[in-house]
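Only one structure is covered here, and it is reproduced in the block below.
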Amino acid sequence: MIIEDLKKIVVENLKNKSNEIKRVFHGRGNYYSNFSYLTVDSLNNILFATFFEKSLEEDEILEALKSIAKKFCFETFIIQRKYKERDFYEVIYGESTEDFFVVENGLKYKIDFKNRNIGLFFDMKRGREYIKSICKDKKVLNLFSYSCAFSVVCISGGALSVVNIDMSKASLSLGRINHHLNNLDTKSVKFLPYNILKSFGKIKKMSPYDIVIIDPPSFQKGSFVATDDYIKIIKKLDFILPVGGLVLACLNDPFLSSNFLIEIFKKEAQNFEFLRKLENIEEFVTNDEEKSLKNLLFLKKY
């Protein structure tokens with residue numbers, strides 16, 4: 001695959017451009033040879049590209065994307081170079097605003113391109129859609145809530161209450177902003193800066209929950225390591241969910257398959273039944289689904 005092919009894919013995916021988030025090139029799934037280090041997103045009036053590795057073709061790619069951005073009337077073109085420790089963010093043209101937000105299914109989320117994680121994980125769209133579809137009149141526990149996007153969809157979908165847990169107070173503050181952006185009442189929403197692995201007693205006091213969302217980082221030193229810590233959470237689910245309660249367990253480690261979680265549930269939470277794996281959105285093409293995001297549903301059957 002060459003840069004001309006890249007340009008054709010991006011242009012084709014921009015034909016139905018709107019104010020909604022859309023990934024217009026996804027190299028991270030290794031579906032396209034030679035461009036596994038690149039993603040490109042259409043974010044309302046901003047074209048956003050991320051380079052995960054250094055490439056000899058980077059300057060040429062930037063020129064190609066800049067031309068496309070202007071052709072499709074993007075007001076701003078921004079990039080992140082994730083391979084750099086410092087100065088990884090650059091505005092190629094236009095202006096970056098502190099008050100920028102993206103739109104997904106009509107809901108708004110604040111974005112900050114100066115952060116490595118800009119405020120929303122776009123590949124989790126199907127997970128958010130599913131939870132919104134089932135959350136009406138339900139009590140929801142949102143673990144590793146980050147910017148509380150799951151909470152936003154739950155409250156907009158009529159959830160009875162949501163408890164957001166994350167160690168980062170800054171992320172929880174962003175979560176409050178995301179609710180206010182959408183004119184959502186937060187009287188039934190909690191934003192709690194707990195270490196999940198050390199605060200189960202406090203979390204249990206607010207139970208039972210009808211839905212539990214577990215969306216941790218795959219590896220975050222001092223916070224969560226999937227291979228060591230996921231089991232600790234799964235073991236405790238029986239104490240906080242009633243019969244009929246649902247768990248959305250998420251895993252985004254290319255080295256761990258769905259079976260990693262399924263086997264833990266079989267051994268440590270035998271009264272939970274594996275229902276199915278949610279499909280990822282079509283824009284996130286991959287040559288191996290098990291190396292991409294895994295969203296697994298489990299039901300407490302007795």
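Hydrogens, waters and symmetry mates are skipped; everything else that's a heavy atom, side chains included, is used.
Annotation: ring pair (Phe, Tyr, Trp, His ring centres under 6.0 Å) contacts of F100 (sequence neighbours excluded): F113. Partners of Y209 according to the ring pair (Phe, Tyr, Trp, His ring centres under 6.0 Å) rule, which considers only residues two or more places apart in sequence or in another chain, do not exist here. For D123, the side-chain hydrogen bond (donor to acceptor under 3.5 Å, both in side chains) test picks out N252, with sequence neighbours left out. With sequence neighbours excluded, the residues satisfying side-chain hydrogen bond (donor to acceptor under 3.5 Å, both in side chains) with D229 are K232. Judged as a ring pair (Phe, Tyr, Trp, His ring centres under 6.0 Å), and not counting sequence neighbours, the contacts of F144 are F224. Residues meeting the side-chain hydrogen bond (donor to acceptor under 3.5 Å, both in side chains) test with E290, sequence neighbours left out: S258, K277. Every residue meeting the side-chain contact (heavy atoms from CB on, under 4.5 Å) condition with E4, not counting sequence neighbours, appears here in chain and number order: I2, K7. Applying the side-chain hydrogen bond (donor to acceptor under 3.5 Å, both in side chains) criterion to S36, with sequence neighbours excluded, gives no partner residue.
Hydrophobic side-chain contacts under 4.5 Å tie V103 into a cluster, directly or through other members, with F101, I177, L181.
Sorted by first and then second residue, the ring-ring contact (aromatic ring centres under 6.0 Å, His included) pairs involving residues 147-206 (not counting sequence neighbours) are H179-F191. Pairs engaging residues 137-147 under the side-chain hydrogen bond (donor to acceptor under 3.5 Å, both in side chains) rule: N142-N164 [sequence neighbours left out]. Judged as a ring-ring contact (aromatic ring centres under 6.0 Å, His included), not a single pair has a partner in residues 53-94 (not counting sequence neighbours).
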